Amino acid sequence: MLRTLLRRRKEPLTISDVTVVDRPGLRRAVAATAVGNTMEWFDFGVYAYVAVTLGKVFFPSSSPATQVVSTFATFAVAFLVRPLGGLVFGPLGDRIGRRRVLSTTMIMMAIGTFAVGLLPGYASIGFAAPVLLLACRVVQGFSTGGEYAGATTYIAEFAPDRRRGFLGSWLDFGTFVGYSLGSGVVTVLTAVLGERGMVDWGWRVPFLIAGPLGLIGLYMRLRLEETPAFRQEAERAAEAVGAGRGDVDPVEEARQSGKGRLKEIFTRHWQAVLVCMGLVLLYNVTNYMVTSYLPTYMTSTLGQDATTAQVLVLATMILVALTITVVGRSSDRWGRRPMFMAGSVAMIALAIPAVLLIQAGGILMPAVGCVILGLLLVIFAGTSAATLPALFPTRLRYGALSISFNISVSLFGGTTPLVASWLVATTGDNLVPAYYLMAAGFVGLVSAHFLHETAGKPLRGSGPMVETVEEARRLVAVSRARAGRRARDVWIRLRHPWAAQRYRDHDGDGER
C-alpha cells in the first residue's frame, strides 16, 4: 500500500503528456521565421553599408565625422522605441497567439524599410528629410520590438527538445543571410555606380527591394499554425477562467491581463530577466560591432579602401552563416551554458588582438581579424535562439523575452555603433572597439555563470517535445522506470533505513 502511494506521488509521464512534432509544420515554422529575420537584417546590412552615403544625402551640411555620427544616431533611435514595441507585441503574443503578432510585425517592417527608399533627400525638402528618415526608423524599431522574441519563441515551441539548438540556429542563419544579401547588394551597386551614383539614386535600390521580400515573408507567416505549447496553455487558461460556469474569476482575470503579466515578469522572474539581458548584451554588442560599425570603422577611422572593407565584412558574415547551424547542433550536444562561457572567455582574450589585426595594412591581416570576430559572434548567434526562450514559462514567454531582449538591445546593442564612433572621435584611441567587446565579454561571463542548463530539456511550463511516436513511447517507458526506482528507494529508506546505503552501493541501475 505504501509503495503504491509513493509511486502515485511521483507520477510518470503518459503518452498524452508528450507532444510529437508535426514535421511539415516544423519546416514551415523554421522557414517563415527565418525569412522574417532575413528581411529585418537585410535592412540592417543595407543601412550599415550605406551609412556614409546616407550621411551625405540627409546631413550634407555637416562634416564627414558628424555625418557618420548623425546617421548612426538615426540608426540608434529605432532601437530606443524597441522596448515600446516589446511592451505592446510581447504580452499581446502571449494573449492572442504568436502567429498573429508575427504577421503584423512582418508587414510593418516591410513598409518601414520600403518607405526609406522613397524619401526625398535634404537637397529637396531640407530639414524634413532627416525627420522622415527618423519616422521610418521608428516604425521599423517598433515592429522589430516584437519580431526576434516572437520568432525565437515560435521556433522553440515547435522544436523537439533534443534538437532545439540546431533548429533555432536557422533563425539566426536567416539573420546573417539577410545581412549578407543587403551588404552584397550595396557592395555591387557601389562598384558599378561609384560614389556619385550612390549619392544620386543608387542608395534607394536596396531599400526598395524590401517590399517584395516583405510580401513573401507575410505570405509564409499567414500559412503558419499556432504553436503546440501556446495551444496547450490557452486550453489550461480557458479551464481556469470560469471553470465551466460561464463566469470569470477576478483573480485569474487580473493575472491574465497585460498589467498582471508585467508584474509577474518583474517580481517572480527578475533573475531570468537579468540573465537574459546579460546574454543579449553579449550577443548584440558583438553583432552590431561587426555588422554595423566595422565597415565604417575600417573606412572612416582607419582610412582603408571602402570596397575592401565591405568585402571583408561580407565574407565574415558568409562565414558566420555557413557555420551557425554547426554551433547550434553543438549546443544540443554540449549544452548552452558551456558555449556561452567559452565564447565569453575567448572574447575577453581575443578582442584586442583581433582589432589590432584589423588595423594592420593590406588585406590578409584585417581578414584574419575579421574571421576571429566572426567566429566569436557565431558562438553567441548559434546558441541564443534556443537559450533565451527557455528562460521563461510558456504563459509569459513572448512578453518576458520581448521586454528583456529589447531593453538590452536598445541600451547596449543598437547604440554600439553610435557610442563606439563617438568614443573613437572623442578619445582618438582606435582600440575603443576592443575595449567595448571585452566589457561585453565580462558581462556575458557573469550571466552565463547564473544560466541554468536547458539543452535537451522541455521548455518551462510545457511537456516534452519529440520527433516520433516511438521516441515518445521510449520517453514514457523511461519515465515509468525512473518513477519506479524512486518509489523503491523511498520504500527501502522508510522500511529498512540501515540497509539503504548498502542497497544503493550494490544497485547498478540506481539514479545516482
Side-chain angles (χ1 to χ4, degrees), residues 38-75 110-126 128-130 132-134 136-137 140 176-214 216 290-318 321 363 366-367 370 417 421:
T38 299
M39 162 70 198
E40 177 185 353
W41 278 87
F42 178 86
D43 166 61
F44 285 131
V46 168
Y47 202 94
Y49 269 54
V50 299
V52 175
T53 302
L54 290 179
K56 296 176 180 178
V57 173
F58 290 95
F59 309 97
S61 60
S62 305
S63 66
T66 304
Q67 287 177 355
V68 173
V69 173
S70 299
T71 304
F72 279 133
T74 306
F75 181 82
I111 291 173
T113 305
F114 184 76
V116 173
L118 301 177
L119 294 180
Y122 189 93
S124 299
I125 60 174
L132 289 176
L133 176 63
L134 180 64
C136 291
R137 294 296 299 170
Q140 292 171 319
F176 294 103
V177 167
Y179 184 92
S180 299
L181 287 175
S183 55
V185 168
V186 175
T187 301
V188 171
L189 286 172
T190 302
V192 173
L193 301 178
E195 182 179 345
R196 186 70 262 168
M198 288 297 294
V199 172
D200 288 342
W201 62 273
W203 65 271
R204 299 180 183 275
V205 175
F207 292 104
L208 296 177
I209 294 175
L213 283 178
I216 295 172
V290 175
T291 60
S292 298
Y293 180 62
L294 193 55
T296 303
Y297 173 73
M298 295 175 71
T299 55
S300 297
T301 303
L302 302 181
Q304 297 178 0
D305 178 67
T307 302
T308 300
Q310 291 174 351
V311 169
L312 286 177
V313 177
L314 176 59
T316 302
M317 294 303 99
I318 294 174
I363 296 178
C370 289
S421 60

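Worth knowing before you read on, the calculation uses all heavy atoms, side chains too, and leaves out hydrogens, waters and symmetry mates. None of the values given here were measured: they were computed from a predicted structure.
Residue Val199 comes nearest to Val57 through the heavy atom pair O-CG2, 3.7 Å, listed as atom of the first residue, atom of the second, then distance. Of all heavy-atom pairs spanning Gly202 and Leu189, the tightest one is O-CD1, 3.7 Å. Across Val290 and Val313, no two heavy atoms sit closer than the pair O-CG1, 3.7 Å. In this structure, Gln304 and Pro366 approach most closely via the heavy-atom pair NE2-CG, 4.4 Å. The shortest heavy-atom contact between Val50 and Val186 is CG1-CG1, 3.5 Å. The shortest non-hydrogen separation linking Tyr122 to Pro130 is CD1-CD, 4.0 Å.
Between the side chain of Arg204 and the backbone N or O of Leu119, at least one donor-acceptor pair lies under 3.5 Å.
In this structure, the separation between CZ on Phe42 and CD1 on Ile209 is 4.5 Å, given to the nearest 0.5 Å. Atom-to-atom distance recorded for Leu181:CG and Leu213:CG is 8.0 Å, nearest 0.5 angstrom. The CD atom of Glu195 sits 9.5 Å away from the OG1 atom of Thr190 when rounded to the nearest 0.5 Å. Residue Leu314 holds its CG atom at 12.5 Å from OG1 of Thr291, rounded to the nearest 0.5 Å.
Contact annotation: the side chain of Ile125 approaches that of Leu132 to within less than 4.5 Å [non-hydrogen atoms, C-beta and beyond]. Within the 4.5 Å cutoff, side-chain heavy atoms of Leu208 are placed close to those of Phe114. Counting only heavy atoms from C-beta outward, the side chains of Leu133 and Val116 approach each other to under 4.5 Å.
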Inset, instruction - Before giving the answer on side-chain contact (heavy atoms from CB on, under 4.5 Å), spell out for Ser421 and Thr296 the whole-Å C-alpha distance, their side-chain angles and the decisive distance to 0.1 Å. - result: CA-CA 9 Å; Ser421 60; Thr296 303; over 6 Å; no
Inset, instruction - List the steps and the verdict of side-chain contact (heavy atoms from CB on, under 4.5 Å) for Thr308 and Ile363. - result: CA-CA 8 Å; Thr308 300; Ile363 296 178; 4.1 Å; yes
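Trp203 and Phe207 have perpendicular rings, their planes meeting at more than 60° on a 0 to 90° scale where under 30° would count as parallel.
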